[in-house]
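Naming: A, B, ... by sequence-line order, numbering from 1 per chain.
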Number of protein chains: 4
Amino acid sequence: MDRAHLHCIQVYYEDTDHSGVVYHANYLKFFERAREHFFGPENLVAMQNEAGLGFVVYQARLSYHRGAVFGERLRIETLGRCESEYRVLFQQRAIREKDDGLLVSAEIEMVLLNKKQQPVAFPPDLVQKIHGALQT
Amino acid sequence: MDRAHLHCIQVYYEDTDHSGVVYHANYLKFFERAREHFFGPENLVAMQNEAGLGFVVYQARLSYHRGAVFGERLRIETLGRCESEYRVLFQQRAIREKDDGLLVSAEIEMVLLNKKQQPVAFPPDLVQKIHGALQT
Amino acid sequence: MDRAHLHCIQVYYEDTDHSGVVYHANYLKFFERAREHFFGPENLVAMQNEAGLGFVVYQARLSYHRGAVFGERLRIETLGRCESEYRVLFQQRAIREKDDGLLVSAEIEMVLLNKKQQPVAFPPDLVQKIHGALQT
Amino acid sequence: MDRAHLHCIQVYYEDTDHSGVVYHANYLKFFERAREHFFGPENLVAMQNEAGLGFVVYQARLSYHRGAVFGERLRIETLGRCESEYRVLFQQRAIREKDDGLLVSAEIEMVLLNKKQQPVAFPPDLVQKIHGALQT
């Protein structure tokens, strides 16, 4: 995942459960945080306020390999690809920073909806953003 | 708290953290769930859709006595009192069902806001609801 | 899903996000709550305390069809099947109660781990529980 | 709060609710994240693994002034003071970065518990850490 976007996550108390590791649903949160930074929060806010557009998760597939514990730092790798004018597929991985161990891998498919909840074709600059993302 | 409204909570994996007990912020969620049942979710939905009104927490004071663990059942006791036309105070307690042990007690002050985020006086039937609540 | 286990979920403030519908990661929480009731929380606690065993999610596949809003009631349908001695597959659906609308469907694969984080074969009574579950 | 410790929070989808602003309980999470950085996550992990010690919230008082919306950045200010050998009081504020608007202020009292859940006196270096914290 050479050209993947990278985002750092610190594992806090709130992220863990009594089994001692990060609660499985929280990886979906981590992956979404990373996608928001991939697009830039200010761009998502502008799309919403100016055009009434918002991304929605359509499909999610997650494979859990190892658990993360309190105090660890994770690296979220994000790679996007437009599957059609209407659908983007994100390949994402949560990696433990200290040893590069793969914790969770995911494929997240998303669509863009307008205010009437209808799917809209991605604007060209968004397609470019998705395909041209470089590590920042 | 004789005339308190009662609401039952099951402690799930998601509620705990790696220390083994319920994460402290989650009691605010439990207390809000109980208040929503106190008012009736359908009434809150109607207030919002028909009058654009919604409750907002203004002050919260919490005392933590003991922790709850996975699998336990809690009883949330809720008692409301209008402090003014604009402010309601809820006294709430999270009790462990099996031994009636007090886990967390709270005082939550709320106001009612309209769509412009201005406080509005409580409608008379709401005041009556708050003061007349019976165990259900 | 005739013999599916049924569990009811009330949609609270905490479950929604600013888009107006339930935040996508929270369905994983709803599905886990339903699985905990499928097994019985007291049985999960006993397995953990007496044998040091706990379930862990290994794979999750989710399809999002429609969003749920604040105040709605959902019915979580859960159907389990042992795929091997070591792996159970749960087919789960979140249904909107008022019109039986399908919101989210999921396939969740789980394994049972001991304290050393090694997978263990399911005890026979657990296999029976998984295959014989009746609506309760 | 001149010598306050500062920590930055990005408001994500997960943090908001359907009212459009950050869900009230999540500020307790933000404040805890800030306190974990105040102490240093690696120090908290070491205290737990080597001495079996962990902080627990004993009292929390929160005042909500304004709501934060998706995409905003918050600054969490944290100031600690030992009230006794056994109790530390944190004064914390959530500030909106773009206009320095005060959103939520809080007072959080904590104790340090050993594995038997007994309060222990703060070690001298911890007291120094609490009183001598500088902006980092």
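In the displayed structure, Tyr58(D) atom OH is contacted under 6.0 Å by at most 12 heavy atoms of other residues, nucleotides or ligands. For Glu97(A), the CD atom is densely surrounded, since the number of other residues' heavy atoms within 6.0 Å is greater than 12.
Partners of Asn43(D) by side-chain contact (heavy atoms from CB on, under 4.5 Å), not counting sequence neighbours: none found. Residues forming a side-chain contact (heavy atoms from CB on, under 4.5 Å) with Glu42(D) (at least two apart in sequence, or on another chain): none.
Within residues 10-20 of chain A, the residues that have a heavy atom under 4.5 Å from a heavy atom of chain D are Gln10(A), Tyr12(A), Tyr13(A), Glu14(A), listed by number. For residues 64-76 of chain A, heavy-atom neighbours of chain D at less than 4.5 Å comprise Phe70(A), Gly71(A), sorted by residue number.
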